[in-house]
2 protein chains.
Amino acid sequence: MTSSPTPTKRRDAARTRQALLEAARARFASDGYAATTVRDIADDAGVNVALISRYFSSKEGLFEACLTTAADDFHRSTGATTLNEVPERIAEQAAGIDSDGVPRYLVLLLRSSGDARADEIRIGMLRTFAERLAALAGWEEGDDRLLLRAQVTIAAALGIALLRSTTTLEPLRSATKEDLLSPVTDLITAILGNRA
Amino acid sequence: MTSSPTPTKRRDAARTRQALLEAARARFASDGYAATTVRDIADDAGVNVALISRYFSSKEGLFEACLTTAADDFHRSTGATTLNEVPERIAEQAAGIDSDGVPRYLVLLLRSSGDARADEIRIGMLRTFAERLAALAGWEEGDDRLLLRAQVTIAAALGIALLRSTTTLEPLRSATKEDLLSPVTDLITAILGNRA
DNA sequence: CTCGGAAGTAAACAACTGTTGACGTACGGG
DNA sequence: CCCGTACGTCAACAGTTGTTTACTTCCGAG
């Protein structure tokens, strides 16, 4: 073999930082904050525990960093343009939870660490998410009725994602994006669709 | 005052057991399993920590007991008869989360301890809940399509309950039962209502 | 009254948690 | 080639966790 077993075993702060971040996001999303130990994360990332404190100051700091990157992913992957596209987006986000592990940021939104600052980030994401969704449905500031409906929609999506990722409830667990599309579409158009 | 400050300070195993159970349900629901310590529970109940091990063998045992009593509450309070009543039931369950703390069993359904047996109980509750709901919509065994829709409905309800109880997201947080009734009704009738 | 057992308490335990400081070691500019 | 410095490891720390053991206190049957 010409390539070494691990392509990059060389020292690279940015790379190990990233490895820690990804391992942490996976653990925090699937097990929650309190049930995840820093040694679990370090082992998953294949590095030493002490590096968590070095790069992120603390476990809380690492969690905040996870939320921040999750917010970035979220802003990047939810550039939905029209209300019609929303159901498909949500369906594929909720469906993809356990495949490539892509949208773990969804479940992270429901994981609290008890830390005030982390919770602010979390709620901030939820708030902008809701306002963006409401805007697609014709929301203008002050209309609490429609904003509530957007938040209910998000709560529903998060509930689906969480239930799929933390239980073995069938057929929900194994439902594909196509399976979810129909009920999710009905759900969203009913809540946000053409209002009277 | 004729009555003593604490009406029953006398030794009563059944009563302290019950106090532990209620304190545990509140803590587990609001903080999750891992973030809750047995000393927290014991202090809330006003008894000694050792009694948890005595009455429930372990912290896991206490959690299982919480799930069991939650299942009872759930069976008692979800005796919905017709599909038309379902939205109002769900709305008031999801709305009442933080008032009298009545339906904490809802949030418990989303709290995992990592223990296999406890998870079986949890998923069993979800399964029967879904099947009962699906039955109201005309489900017959083998119809995975409708069962999935029932599970999506439950996931949505749990998501609303969890978001309300673990964040300060407004206006969702302060929404009353009446506020929730309209979107929840739309949601349920859209997913479970008269199907084509 | 009394005494056996149940109810409750206090203290200690081993294991585990997050965090830190001192210590190696590889990398790359000189 | 060399060596400072950033990267990584190791081992220990203080505190907390769930659990157990020995002990005290209360109640009520005999």
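Letters A, B, ... are given to chains in the order of the sequence lines, protein chains preceding strands, and every chain is numbered from 1. Only a predicted model underlies this, so the values are computations on that prediction, with no experimental measurement involved.
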- [ ] Give the nucleotide from the list C:dT9, D:dG18, D:dG8 with an atom nearest to the side chain of A:R54.
- [x] D:dG8
Open item on the list: Looking only at the side chain of A:R10 (C-beta and beyond, no hydrogens), which of the listed nucleotides C:dG28, D:dT19, C:dG8 gets closest?
Closed with: C:dG28
TODO: Round to the nearest Å and state the distance from A:K59 atom NZ to D:dG15 atom C1'.
DONE: 14 Å
Open item on the list: So, taking the atom named CG in A:L108 and the one named CZ in A:F74, what distance separates them when rounded to the nearest 0.5 Å?
Closed with: 13.0 Å
Open item on the list: What is the separation between atom CG on B:L51 and atom C1' on D:dT19, rounded to the nearest whole Å?
Closed with: 13 Å
Open item on the list: Nearest whole Å is fine: how far is D:dT21 P from B:I52 CD1?
Closed with: 17 Å
Task: 5′-ward residue of the pair B:R39/A:Y55 relative to DNA chain D - done: A:Y55
Open item on the list: Rounding to an integer number of Å, can you tell me how far B:N48 CG sits from C:dA6 C1'?
Closed with: 15 Å
TODO: Starting at atom CZ of A:R17, determine the distance to atom P of D:dA6, rounded to an integer number of angstrom.
DONE: 17 Å
Task: Whole angstrom value for the distance that separates P of C:dG18 from CG of A:L20 - done: 14 Å
Task: Check against side-chain contact (heavy atoms from CB on, under 4.5 Å), B:L172 and A:L126 - done: CA-CA 11 Å; B:L172 181 63; A:L126 288 168; over 6 Å; no
Task: Distance, rounded to the nearest Å, where B:F63 contributes CZ and D:dT19 contributes C1' - done: 19 Å
Open item on the list: With a 3.5 Å cut-off and heavy atoms only, can you find an N or O donor on one side and an acceptor on the other between the side chain of A:R11 and the base of C:dT25?
Closed with: yes
Task: Side chain of A:A50 (C-beta onward), nearest among D:dT9, C:dT25, C:dG8 - done: D:dT9
Task: Nucleotide nearest A:T37 when distance is taken to its side chain, options C:dC27, C:dT17, D:dT19 - done: C:dT17
- [ ] Look at the aromatic rings of B:F28 and B:F63 and report parallel, tilted or perpendicular, splitting at 30° and 60°.
- [x] perpendicular
Task: Separation of atom OH in A:Y33 from atom C1' in C:dT17, rounded to whole Å - done: 11 Å
- [ ] Can you measure from OG1 (B:T36) to CG (B:D31) and round to the nearest 0.5 angstrom?
- [x] 4.5 Å
